[in-house]
Amino acid sequence: MDQAIPSSIQASVDNHPRAEKRHYSEVKKKKMTKQVEIKYTQLFIDNEFVDAVSGRKFPTLNPVNGNVIAEISEGDKADVDKAVNAAKQAFDRNSKWRQMDPYIRGQLMHKLADLITRDLNYIAALETLDNGKTYANAVEDIKASIACLRYYAGWCDKIQGSTIPTGDTNITLTRKEPVGVVGQIIPWNYPFMMAIWKWGPALTTGCTLVLKPAEQTPLSALYGAALTKEAGFPAGVINVIPGYGPTAGAAIAEHSEIQKVAFTGSTEVGHIIMAAAAKSNLKRVSLELGGKSPLVIFDDVDVKKAAEIAHDAIFSNHGQNCCAGSRTFVHSKIYDEFVKHAKQLALAKKVGDPFDSKTDQGPQIDQEMLDKIMDLINSGKKQGAVVETGGNRAGNTGYFVQPTVFSNVTDDMRIAKEEIFGPVQSILKFNTMAEVIERANRTNYGLASGVITKDINKALEFAQAVEAGSVWVNCYDAIAPQTPFGGFKQSGIGRDLGEESLKEYLEIKTISIKITKEN
Ligand code: NAP
Ligand code: MG
């Protein structure tokens, strides 16, 4: 699309709570890098695409150039109410969904996975267009989403209760039942994969759901919604309401008939979600939040290989990764050699058009994130860290940032404390195990961590002591559908993925049956 932003959209942008932080005046009107047909732009409620009650729309932008890709219906409280009603009906005791054999539920999920597989290239293109991640990465995200869905499909008929000994006069058993209507609020960094991570356990357990994708990236979740209808999910089981956090998101968090809210996003908003749950109906809350994850590299390693692991740990997905290895702790004996390799790897990274197969890094998501990253980079420069490479915005169109490596980073610097969510590596120096454990844990976050060493004892000592939901030894980002993922401390509550996440969507009912003896 090559047109100016329509005034109705500009008005909704101007009225948005975060509008003052944005720079839509800078939106460029260049051609998109690739034309991708946009099929769905409305809210998905009760298996139908519908306009928002208010009739309002908001733009989703292409991060490559800031152009408007499409106008999206803007859901708010009235639409969330409609979606919750549909989800409640779908969850009725006598509904098709509730009466369904769990095996069939699993087949529906497999069917959805089949359809995603059929449309993999299209969904990946949609994701790259809306988010800016490289097409190759988007393909990997969609493949991982398919794997996640199939993993959860297999669980449907295996959610078992137990019998509990309470003496011969009673039989006591437990049943695991779906919590009911769930609300799900997700971020923009893995738009499709986050939706599937949330849908998987909710559908497996027999819940019905209302999902709000991030304002920046609504397109792939809407397409996924269309596929759920095609797969044959009953109306109302899955509802998708694009819109803004403080309106649509808050309506979900505050809704008195939503029994559980699953949130992935910033720690700041995590606090708001939990408060809203407390103030409304004490709905269950699971939170996957931010991180400042330590990756510790001892001096017994192949330094070049370690630098490669550390590079991917921070630069994958343009640094827009909740579990990014954003504090690289390197032993003083190999520090200089490590920095040299880290610099070379960052220098070799090709930044540009995410649809180009030679590109390693596309744009950041939006102007707000670009500004935040540049502010943190500038703070690093001011606070005395050494810029080994990068340190600037790349170009002046779109939201590109040069892959940046800082050495001589100390714990007190903002770049060592705050989540940057960008392609910025902060390399810190350490000497002893005790010191690095203490420093690694000196944060309110606790999402992930890594350690690189040939010494099994060192690896185990660190793995045991670190306060983080994941510890990756001699690797990073080793996430699979069956591995629980989530944070200690203010990185979250509860877990996504694996058997663990099923618990977030289940109530346990204890049934005690008295045996009346026949005389
Ligand atoms: P965010 O600002 O917290 O937004 C996440 C979602 O919450 C968006 O859909 C957002 O809506 C919505 N939201 C904002 N304010 C809200 C409110 N008052 N009530 C209800 N919902 C609200 O996070 P982000 O910047 O999009 O994503 C980056 C963050 O996510 C990082 O901190 C990252 O670490 C974290 N993250 C964590 C994980 C994990 O698994 N632990 C995974 C990925 C990302 P809008 O559309 O209006 O923004
Ligand atoms: Mg977008």
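Read the numbers this way: they start at 1 and go in the same order the structure lists the ligands and their atoms. All residue numbers in this chain count up from 1 along the given sequence. Because the structure is a prediction, the values reported are computed rather than measured.
- Residue contacts with ligand 1, taken as heavy atom pairs separated by less than 4.0 Å, involve I186 solely via the backbone atoms N, CA, C and O.
- A cation-pi geometry, defined here as NZ or CZ lying under 6.0 Å from the six-membered ring centre and within 45° of its normal, holds between K260 and Y505.
- Heavy atoms of I272 found under 4.0 angstrom from ligand 1 belong exclusively to the side chain.
- Contact annotation for Q320 and ligand 1: no heavy atom of the residue comes within less than 4.0 Å of the ligand.
- Using a 4.0 angstrom heavy-atom cutoff, A214 counts as in contact with ligand 1.
- Using a cut-off of 2.8 Å, one finds that D366 contributes no N/O/S atom close to the Mg ion (ligand 2).
- A cation-pi arrangement, defined by a distance under 6.0 Å to the six-membered ring centre and an angle within 45 degrees of its axis, is present between K39 and Y122.
- Using a 4.0 Å cut-off to heavy atoms of Y244, the atoms of ligand 1 that qualify are 47 (O).
- Side-chain contact check for D81 and H255: at least one donor-acceptor pair (N or O, by modelled atom type) lies under 3.5 Å.
- Within the 4.0 Å heavy-atom criterion, neither part of T267 lies near ligand 1.
- Residue contacts with ligand 1 include F263, since one or more of its heavy atoms lies under 4.0 Å from the ligand.
- For the residue pair N131 and T217, no side-chain donor N or O sits within less than 3.5 Å of a side-chain acceptor on the partner.
- Identified under the side chain to side chain donor-acceptor pair (under 3.5 Å) test for residues 132-143, with sequence neighbours left out: N121-Y135, K133-D141, K133-N317, T134-N137.
- Heavy-atom separations between A250 and ligand 1 include at least one value shorter than 4.0 Å.
- The shortest heavy-atom distance from F485 to ligand 1 is under 4.0 Å.
- Taking the centre of each ring, W188 and F421 come in below the 6.0 Å mark.
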**OP:** Any chance you could lay out the ring-ring contact (aromatic ring centres under 6.0 Å, His included) test for F485 and W197, step after step, and finish with the verdict?
**Re:** CA-CA 11 Å; F485 181 80; W197 278 28; 5.6 Å; yes

